[in-house]
Peer 1: 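I have a structure I would like to understand better, so I am pasting it below and will then ask my questions one at a time.
What you see below is based on every heavy atom in this structure, not just the backbone, and it leaves out hydrogens, waters and symmetry mates. Letters go in sequence order (proteins before strands), and every chain restarts at 1.
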Number of protein chains: 2
Amino acid sequence: MDEFSFIDSIKQDVYFQPSVLKGIGDDAAVFRANNQDIITAVDTLVEDVHFSRDTMAPFDVGYRALAVNISDLAAMGAAPAFYMVSIVIPEDWSVEEIDEIYSGMKELAKQYRMDLIGGDTVSGKELVVSVSVFGLVPPDKSRYRSLAKPGDVLFVTGTLGDAQAGLEYLLGKHHFDEAVADYFISRHRQPDPRVAFALQLQSLKRVALNDISDGIASESNEIAAASGVDLHIKYEDLPRVEYMNGLEKEVCKPWMLSGGEDFELLGAVPEKDWEAVQQAAEASSTRVTKIGSVSEKKATEPVVFLYEENEKSRLTKSGYTHLRQDR
Amino acid sequence: MDEFSFIDSIKQDVYFQPSVLKGIGDDAAVFRANNQDIITAVDTLVEDVHFSRDTMAPFDVGYRALAVNISDLAAMGAAPAFYMVSIVIPEDWSVEEIDEIYSGMKELAKQYRMDLIGGDTVSGKELVVSVSVFGLVPPDKSRYRSLAKPGDVLFVTGTLGDAQAGLEYLLGKHHFDEAVADYFISRHRQPDPRVAFALQLQSLKRVALNDISDGIASESNEIAAASGVDLHIKYEDLPRVEYMNGLEKEVCKPWMLSGGEDFELLGAVPEKDWEAVQQAAEASSTRVTKIGSVSEKKATEPVVFLYEENEKSRLTKSGYTHLRQDR
């Protein structure tokens, strides 16, 4: 298949979004934002760096490549609208496998009525899937990580550590019973971006959001640094599937704090809006858990504190260090 | 250098475009289109496929990666505004070389007041530079390739075949004297997108445009197919640098027709607007040449005809085939 017939094969006959003026088929795509702000991000997956053929089918590679990008849109409070795919195809990937990658993306795109409006297909030595996404958000409703303020409630969606548990199982580093394994694997392969929940928050004036791609340890520090505040997180309040509680703490704690790739949302809202957040969670059938609070920063640099039984630790991007207990 | 300090190093302190609401530093970038249509495209360069370290310095790789994308914006009639860079970095590229790639992009971006608003940096086995660009255009002024109509004048900017001549020289396949070689090499390494000219055309109601990335043989067929018209091109009228006329025709003709990568614009406008096109060319110091005309298609499929002395050929995407002369 040459490049032109390949492009024809992935081209949509109909576009979901009325704002697409020109999709695939010209020098560039054209769309109209209709008085909404435009959100855009790019995320790239490389074979044997971000995924392996041993643990991911081509369909999952496509699904995941788009899902992680949609998660970035959710973290900005935006409605997904379009995407472009730049793919580097090596000789050892068949046309059928490449088709499967696109099928994985299309399956997810359909759920969100997203249109594939452009892309680039080139050859190379290793598979690289680079996805650019576009979302739309009402003016000044972007959910920056810099918006947390002292007094805010800190919350997180879903459960933490699942994707890492799935990966550990697939790598043969940890064993689970089949039903549990299937759940964790699906959380790793097909993350579910929290778009519906983020859109339900749109009536709120101020929400700080970050999606959990590198683990809550990393993301909470990004919010603290961007907002110039201290965060206080209670370890026992971090949401986890029941099964996780049966594991050794040395096993599950790093998964929950630093495993990452759960693509849940970490957020902060004024205390008065916490009830509205819970209603948004219910309306979008999303689990949401209060995990801590925001305060003014006490030191020169913003700090994230982790509280666990009688211990207080400093949570850093890469993990945590115990602090002497303040009395 | 870790990923975070690398991102800090490429982050702009100030953004040129007031429409950037959030650049690098959150889950995604945010901008506002202010009642303009948004144009977007992505183009990817892979080492040893699209360029080689033997013929391109890292600075040129960056310059060229952005230039080819800006050319797509010019071909849509858009003003360049922002870009994002996804880069796959292999171990054999040094931090200094990667910095040089970004310097090449920044140099060109500065000329066009474009802002780097996002990106992704990952490791891999071979260098891949994938650039997404964004441009803005007044509503309904996008210059689609489907807009050519019978009776139109066909024109092209600049001169053809130069980039291919430069590449052939660099590959040791053809020799030129130093001054000539320098000119051709610079046309290959640092193409000059025709933005200023395209923007000067903005007052015109209807213009079909395509940028010449794969050669005029390919691009003219794209306009013919998208517009459902026949095109008629006079070979002798194709613009070339004087030096090209001194070469054997078997050498220069394929360069001019199929060499590609000149990143000139091929366009069609109503006959009545040809004078305005010439004025736009003058205002933007751009050479523009009438090379033929547009007519209704005579057969089932649109055809591009090439006229040369007493010969008539059919120009296809990949070259040309002589036709029996109609008498």
Side-chain angles (χ1 to χ4, degrees), chain A residues 4 21-22 25-33 35 37-50 71-76 78 82 84-88 117-126 128 130 132-135 137 139-140 142-146 209-211 213 226 317, chain B residues 4 21-22 25-33 35 37-50 71-76 78 82 84-88 117-126 128 130 132-135 137 139-140 142-146 209-211 213 226 317:
Chain A
F4 295 110
L21 301 181
K22 178 66 76 173
D26 214 301
D27 296 299
V30 186
F31 65 92
R32 191 164 285 177
N35 294 318
D37 288 343
I38 298 121
I39 313 287
T40 184
V42 59
D43 214 82
T44 303
L45 298 186
V46 180
E47 184 177 357
D48 294 332
V49 176
H50 300 97
S71 181
D72 281 327
L73 296 178
M76 297 302 274
F82 327 112
M84 299 197 293
V85 180
S86 163
I87 187 166
V88 180
I117 57 168
D120 198 16
T121 309
V122 297
S123 57
K125 290 200 196 88
E126 66 187 344
V128 178
S130 186
S132 308
V133 283
F134 304 82
V137 69
D140 301 320
S142 293
R143 305 314 193 178
Y144 301 128
R145 57 181 65 156
S146 57
L209 282 182
N210 224 357
D211 75 324
S213 47
K317 284 210 165 194
Chain B
F4 295 109
L21 302 181
K22 177 67 76 173
D26 214 302
D27 296 298
V30 186
F31 65 91
R32 191 163 284 179
N35 293 318
D37 289 341
I38 300 122
I39 313 288
T40 185
V42 59
D43 214 83
T44 303
L45 298 187
V46 179
E47 184 177 358
D48 294 332
V49 176
H50 300 97
S71 180
D72 281 326
L73 296 178
M76 297 301 273
F82 327 112
M84 300 197 294
V85 180
S86 163
I87 187 166
V88 180
I117 58 169
D120 198 16
T121 309
V122 296
S123 57
K125 291 199 196 89
E126 66 187 345
V128 178
S130 185
S132 308
V133 283
F134 304 82
V137 70
D140 301 318
S142 293
R143 305 314 193 179
Y144 300 129
R145 58 180 66 157
S146 56
L209 283 182
N210 223 358
D211 75 324
S213 48
K317 283 210 166 192

Peer 1: Testing the basics here: between Gly124(B) and Val49(A), what is the closest heavy-atom pair and its distance to 0.1 Å?
Peer 2: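 In terms of heavy atoms, the two residues are closest at CA-CG2, 4.5 Å.
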Peer 1: If you take all heavy atoms of Val128(A) and Val88(B), which pair is closest and at what distance?
Peer 2: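 Nearest pair, atom of Val128(A) first, then Val88(B): CG1-CG2, 3.9 Å.
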Peer 1: By side chain to side chain contact (heavy atoms under 4.5 Å, CB included), which residues pair with Asn35(A), not counting sequence neighbours?
Peer 2: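 Side chain to side chain contact (heavy atoms under 4.5 Å, CB included) list for Asn35(A), sorted by chain: Asn35(B).
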Peer 1: Select one option (side chain, backbone, both, neither) describing which atoms of Thr40(B) are under 4.5 Å from chain A's heavy atoms.
Peer 2: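 Both parts, heavy atoms under 4.5 Å.
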Peer 1: What part of Ala33(B) is in contact with chain A, defined as an atom under 4.5 angstrom from a non-hydrogen atom: side chain, backbone, both or neither?
Peer 2: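 For Ala33(B), backbone and side chain are both near chain A.
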Peer 1: Carefully, step by step, assess Asp140(A) and Arg32(B) under the rule side chain to side chain contact (heavy atoms under 4.5 Å, CB included).
Peer 2: CA-CA 10 Å; Asp140(A) 301 320; Arg32(B) 191 163 284 179; 3.1 Å; yes
Peer 1: Who are the side chain to side chain contact (heavy atoms under 4.5 Å, CB included) partners of Lys22(B), not counting sequence neighbours?
Peer 2: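 Partners of Lys22(B) by the side chain to side chain contact (heavy atoms under 4.5 Å, CB included) criterion, ordered by chain and then number, come out as Tyr144(A), Ser146(A), Asp26(B), Val30(B).
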Peer 1: Can you measure from OG (Ser130(A)) to CD1 (Ile87(B)) and round to the nearest 0.5 angstrom?
Peer 2: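 Going from the OG atom of Ser130(A) to the CD1 atom of Ile87(B) covers 11.5 Å.
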Peer 1: Report which part of Ser142(B) has an atom under 4.5 Å of a heavy atom belonging to chain A: side chain, backbone, both, or neither.
Peer 2: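 The side chain, not the backbone.
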Peer 1: With a 4.5 Å cut-off on heavy-atom pairs, point out which of Asn210(A), Val46(A), Asp37(A) contacts chain B the most.
Peer 2: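 Most pairs with chain B among the choices: Asp37(A).
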Peer 1: Which atom names give the shortest non-hydrogen contact between Asp27(B) and Ala75(A), and what distance separates them?
Peer 2: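 Shortest heavy-atom separation between Asp27(B) and Ala75(A) comes out as OD2-CB, 3.2 Å.
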Peer 1: Among the options Gly119(A), Gly118(A), Ala29(A), pick out the one with the most heavy-atom pairs lying under 4.5 Å from chain B.
Peer 2: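 So the answer, after comparing Gly119(A), Gly118(A), Ala29(A), is Ala29(A).
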Peer 1: Set out, in order, the CA-CA distance, both residues' side-chain angles and the distance that settles side chain to side chain contact (heavy atoms under 4.5 Å, CB included) for Lys125(A) and Glu126(B), then state yes or no.
Peer 2: CA-CA 7 Å; Lys125(A) 290 200 196 88; Glu126(B) 66 187 345; 3.2 Å; yes
Peer 1: Side chain, backbone, both or neither: which part of Phe82(B) has an atom under 4.5 Å from a heavy atom of chain A?
Peer 2: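 No part of Phe82(B) comes within 4.5 Å of chain A.
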Peer 1: Quick one: closest heavy-atom pair of Val42(B) and Ser86(A), and the distance?
Peer 2: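 Closest approach of Val42(B) to Ser86(A): CG2-CB, 4.1 Å.
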Peer 1: At a 4.5 Å cut-off on heavy atoms, which part of Leu209(B) comes close to chain A: side chain, backbone, both, or neither?
Peer 2: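 Only the backbone of Leu209(B) comes within 4.5 Å of chain A.
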Peer 1: Could you pull out the closest heavy-atom pair between Ala28(A) and Ile39(B), with the gap in Å?
Peer 2: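 So the two residues come closest at CB-CG2, 3.4 Å.
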